[in-house]
Novice: 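Handing you this structure, nothing more for now.
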Amino acid sequence: MRRGWMNIKQFAPSPESNTLDLSFLPYNAQILATEQGIMVFKIQDPKNCRRYLYHVCKPTTKQVLALPRPKGNHTDQKFAIVVMGLKPLHYKIIRFSECRALRRWRKFHMVYRCEIFDSMTWKWRSLKHVALGDCVFLTNPQPVTKSGSIYMLLTNNNILKFDADSKIWEVFSSPIPYDESRTPTELVKYGGKLGLACKPPNANGYWDIWVSKKDKLWEKEADVAVESKSERERLKALYDSHTSVMVDCETLLFYRLKQKDNNMISKIVLNDIPYQIFSFRSDFEPSDLK
């Protein structure tokens, strides 16, 4: 969360977990990505206010390790972690940063720098730039990670996929076509699969869940509908196949799916309106981060 120029870090426990103390993180650390108990954050370089220092950590064990600084001083747009293996721990960090905009035949194409960090080599590597379509940008929500790839929703409702192993990216269509009214959409995980939640117009507060099948075909889950109790509530994630996570201003709400009455599981009042929300699951065993 952000308050002015400050980054406020708050852990909101799920109904089945305990709270986690994040006070060990440096002052004003900005969390960038989390995956399988591993977190990446950055802090402002005390010797140069125009630069940032990047770190990887495991919050449950309070292990923190400095990362090499990526080349250049480009503005961060999106971070993601992909855990490639656990024994030994092997992870990759993908960074998208601002590059430039290309104008071709009166069309505006956004281009992002793409870099990847490998914990095995402990180095950053620059990859081929990612060029999107006319007036298409990355959206704010965090990427969804599945089977070694990250998925990011674009402003035209298409999905950008980046494979951390082959380092190949591609764009494919979602089941929800873009419309000027901006139907609320959110990438989610449902039953271990890539999913897309959308709130159709005149849906009486219900969100539909679509699941990606083989060959990038989508199928609507007929027996699942996520209900929001007010117009301010917005779906942010599916905690599991039975629980949705909604945000209403400064309140985080857990609802039970497939149950219409008395379906609220818990409610957590936050310190501020959340700017970004990261899902987090972890054990308490120390890990070799390098």
Side-chain angles (χ1 to χ4, degrees), residues 32-36 38 40 54 56 67-72 74-86 88-102 104 107-178 185-196 210-219 278-279:
L32 301 172
T34 61
E35 178 68 16
Q36 294 190 39
I38 307 299
V40 175
Y54 297 85
V56 62
L67 292 169
R69 200 170 68 84
K71 294 181 180 180
H74 312 293
T75 302
D76 298 330
Q77 288 296 317
K78 192 78 65 178
F79 268 79
I81 308 173
V82 178
V83 176
M84 310 298 290
L86 295 174
L89 178 62
H90 179 205
Y91 57 90
K92 295 184 179 182
I93 303 170
I94 297 93
R95 178 198 187 215
F96 290 92
S97 57
E98 285 186 358
C99 182
R100 65 186 184 278
L102 297 178
R104 296 175 178 172
K107 291 187 177 182
F108 182 90
H109 296 266
M110 189 63 197
V111 180
Y112 294 93
R113 296 180 185 273
C114 183
E115 299 162 280
I116 188 167
F117 174 84
D118 193 323
S119 65
M120 289 297 184
T121 62
W122 209 249
K123 293 180 180 179
W124 287 95
R125 177 184 172 188
S126 296
L127 303 177
K128 184 179 179 181
H129 293 352
V130 174
L132 302 179
D134 182 27
C135 294
V136 177
F137 305 88
L138 297 173
T139 57
N140 179 57
Q142 290 304 299
V144 170
T145 304
K146 189 186 80 69
S147 302
S149 296
I150 63 172
Y151 298 84
M152 294 164 282
L153 191 64
L154 304 178
T155 51
N156 64 351
N157 277 1
N158 285 343
I159 297 169
L160 172 65
K161 174 187 176 182
F162 179 85
D163 188 304
D165 189 26
S166 66
K167 304 175 183 62
I168 295 175
W169 63 271
E170 63 175 313
V171 175
F172 61 94
S173 300
S174 78
I176 309 302
Y178 174 78
T185 55
E186 198 82 28
L187 275 184
V188 295
K189 271 186 180 179
Y190 180 77
K193 299 178 180 179
L194 177 68
L196 184 75
W210 294 77
V211 176
S212 177
K213 305 294 183 179
K214 292 182 179 181
D215 301 322
K216 301 181 181 63
L217 297 177
W218 295 85
E219 183 176 301
F278 302 86
S279 60

Novice: Would you call Leu127 and Trp169 a side-chain contact if the rule is heavy atoms closer than 4.5 Å?
Specialist: no

Novice: Please find the pair of heavy atoms, one from Cys114 and one from Ile94, that lie closest to each other, and give the distance.
Specialist: SG-CG2, 4.3 Å

Novice: Which residue pairs pass the side-chain hydrogen bond (donor to acceptor under 3.5 Å, both in side chains) test when at least one of the two sits in residues 118-129, sequence neighbours left out?
Specialist: His90-Asp118

Novice: Taking only residues two or more places apart in sequence or in another chain, which ones pass side chain to side chain contact (heavy atoms under 4.5 Å, CB included) with Ser174?
Specialist: Asn157, Ile159, Ile176, Leu196

Novice: Leu138 and Leu132: which non-hydrogen atoms are nearest, and at how many Å?
Specialist: N-CD1, 4.2 Å

Novice: If you define the side chain from C-beta out and look only at heavy atoms, does anything of Val56 sit under 4.5 Å from Tyr91?
Specialist: yes

Novice: Side chains of Ile93 and Phe79, heavy atoms from C-beta outward: is any pair under 4.5 Å?
Specialist: yes

Novice: For side-chain contact (heavy atoms from CB on, under 4.5 Å), just list the numbers for Arg69 and Leu67, CA-CA rounded to whole Å, side-chain angles, deciding distance to a tenth of an Å, and then say yes or no.
Specialist: CA-CA 6 Å; Arg69 200 170 68 84; Leu67 292 169; over 6 Å; no

Novice: What are the two closest heavy atoms between Thr155 and Val136, and how far apart are they?
Specialist: OG1-CA, 3.6 Å

Novice: Quick one: does Leu160's side chain get under 4.5 Å of Phe172's, heavy atoms only?
Specialist: no

Novice: Grab the two heavy atoms, one from Lys92 and one from Ala164, that are nearest each other, plus how far apart they are.
Specialist: NZ-O, 3.0 Å

Novice: Got a sec, which pairs hit salt bridge (charged side-chain N to carboxylate O under 4.0 Å, His left out) with one end in residues 154-171, sequence neighbours left out?
Specialist: Glu170-Lys216

Novice: If you define the side chain from C-beta out and look only at heavy atoms, does anything of Thr145 sit under 4.5 Å from Ile81?
Specialist: no

Novice: Got a second to check how far Phe137's CZ is from Leu153's CG, nearest 0.5 Å?
Specialist: 14.5 Å

Novice: Looking at side-chain heavy atoms only, is the closest gap between Ser212 and Lys193 below 4.5 Å?
Specialist: no

Novice: Quick check: closest heavy atoms across Pro70 and Glu115, and the distance to 0.1 Å?
Specialist: CB-OE2, 3.7 Å

Novice: Go through the structure and list residues passing side chain to side chain contact (heavy atoms under 4.5 Å, CB included) with Ser173, not counting sequence neighbours.
Specialist: Asn158

Novice: So do the side chains of Leu194 and Val211 get within less than 4.5 Å of each other, counting heavy atoms only?
Specialist: no

Novice: Could you report the tightest heavy-atom contact between Gln142 and Ala33, atom names first, then the distance?
Specialist: OE1-CA, 4.5 Å

Novice: Output all residues satisfying ring pair (Phe, Tyr, Trp, His ring centres under 6.0 Å) with Trp210, sequence neighbours left out; order by chain, then residue number.
Specialist: none

Novice: Please indicate whether Lys213 has more than 12 foreign heavy atoms, meaning atoms of other residues, nucleotides or ligands, lying under 6.0 Å from its NZ.
Specialist: yes

Novice: If you look only at pairs with a residue in residues 74-83, which of them pass as a side-chain hydrogen bond (donor to acceptor under 3.5 Å, both in side chains), with sequence neighbours excluded?
Specialist: Lys42-Asp76, Tyr54-Asp76, His74-Arg113, Asp76-Arg95, Gln77-Glu98

Novice: Does a side-chain heavy-atom distance below 4.5 Å link Ile150 with Val144?
Specialist: no

Novice: Is the backbone N or O of Ser279 less than 3.5 Å from a side-chain atom of Thr34, with the two atoms forming a donor-acceptor pair by type?
Specialist: yes

